[in-house]
There are 2 protein chains.
Amino acid sequence: MQNNGKRCMTSPDKLDLIFKALSDQTRRALLKRLSDKPASISELALPLAMSLPAASKHIKVLERANLVSCQKLGRVHYCKIKPKALSDIDRWLGFYRSFWEDKLDHLEAFVSEEKK
Amino acid sequence: MQNNGKRCMTSPDKLDLIFKALSDQTRRALLKRLSDKPASISELALPLAMSLPAASKHIKVLERANLVSCQKLGRVHYCKIKPKALSDIDRWLGFYRSFWEDKLDHLEAFVSEEKK
DNA sequence: GCAATACTAAACCAGTTAGTTTACAATATA
DNA sequence: TATATTGTAAACTAACTGGTTTAGTATTGC
């Protein structure tokens, strides 16, 4: 065995954290909810069919990905979306954008070729 | 305990698979490599500092996310990128795009307010 | 026909994740 | 001051992940 089955420990970069945070339906739902307006953890957990600690952990994942920020006022934690982090994955996607647009062009070309 | 600690088993949707596939640096590197031109599994594995089976599994994750397709010719598996799947996350992002652009507008407004 | 090549499959392993429950701390309110 | 509210922390669990190794299956080429 080369490394005893251990994972490669290069620390996860920003995109890892963002993509991973977004890879869960619950967390995407939280984000959508917060895109409407800020909310407390309890408010966020309420429609979620899971315990408060579970919801709280999801929020923490979103915080680590820099997609959400929370502020404690009294005993309530107010969370709000930080949409700017999403522009990071938009920029990543940018490299491929022309790519799938080209693909669509090719498909159109193919289709119009078929018509003849 | 409500469900004995088991995960919620709602089957992962398309976005789950795509975001999860992209949440790993190795797989993003594979995708970038394939954006240049198609390649065999061995060719893909070569610069990757991991065993062939490991690379093969990464490719499978990308295939399940519909980001890559592979075709076996003889004993060689040729893989190519399927950029169209990326348009799915572009569309998801679309909902939030105006959002972070607004945010930037607000920042600009703030900055020009400061100048006065 | 036999050896090399290009994989896949299966079994294993350690670390992570997503949930739970119970317990606690801090704050608000009656 | 006592009680209810809002959360976090810690310990636990099952499943998942990302890697390994060893073995096996096709296919190619000498």
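The sequence lines fix the lettering, A, B, ..., with proteins before strands; numbering per chain opens at 1.
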Side chains of B:N66 and B:K82 only: does a donor on one sit below 3.5 Å from an acceptor on the other? yes

Can you tell me if the side-chain N/O atoms of [X] get under 4.0 Å from OP1 or OP2 in [N]?
X	N	value
B:K20	D:dT17	yes
B:H77	C:dT8	yes
B:S51	D:dG19	no
A:S42	D:dG7	yes
A:S40	D:dT6	no

Between [options], spot the one nearest the side chain of [X], thanks.
X	options	answer
B:A54	C:dA18, D:dG18, D:dT20	D:dT20
A:K72	D:dG18, D:dT27, C:dA26	C:dA26
B:D24	D:dT20, C:dA26, D:dG18	D:dG18
B:M50	C:dA18, C:dT8, D:dT20	D:dT20

If you pin A:L73 and B:S56 to their nearest nucleotides in DNA chain C, which one's is more 5'? B:S56

For B:K57 and for A:A55, locate the closest nucleotide of DNA chain C by heavy-atom distance; then report the residue assigned to the nucleotide nearer the 5' terminus.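 Its nearest nucleotide lies further toward 5', so the answer is B:K57.
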
Is the closest basic N to carboxylate O distance between [X] and [Y] below 4.0 Å?
X	Y	answer
A:K20	B:D24	no
A:D90	A:R97	yes
B:R28	A:D13	yes

Gap between atoms [atom1] and [atom2], on [X] and [N] respectively (whole Å):
X	N	atom1	atom2	result
B:I41	D:dT27	CD1	P	16 Å
A:K60	D:dT6	NZ	P	17 Å
B:Q71	C:dC7	CD	P	13 Å
B:L52	D:dG19	CG	P	13 Å
A:E43	D:dT5	CD	C1'	13 Å
A:Q25	C:dT17	CD	C1'	16 Å
B:F19	D:dT17	CZ	C1'	19 Å
A:L30	C:dA18	CG	P	12 Å

B:K72 to B:Y78 six-membered ring, cation-pi geometry met (6.0 Å, 45°): no

Can you find a donor-acceptor N/O pair under 3.5 angstrom joining the side chain of A:R75 to the base of D:dT6? no

Group every Ile, Leu, Val, Met, Phe, Trp and Tyr by side-chain heavy-atom contacts under 4.5 Å, then state whether B:Y96 and A:W92 land in the same group. yes

If you pin A:V76 and B:R64 to their nearest nucleotides in DNA chain D, which one's is more 5'?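 Nearest nucleotide further toward 5': that of A:V76.
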
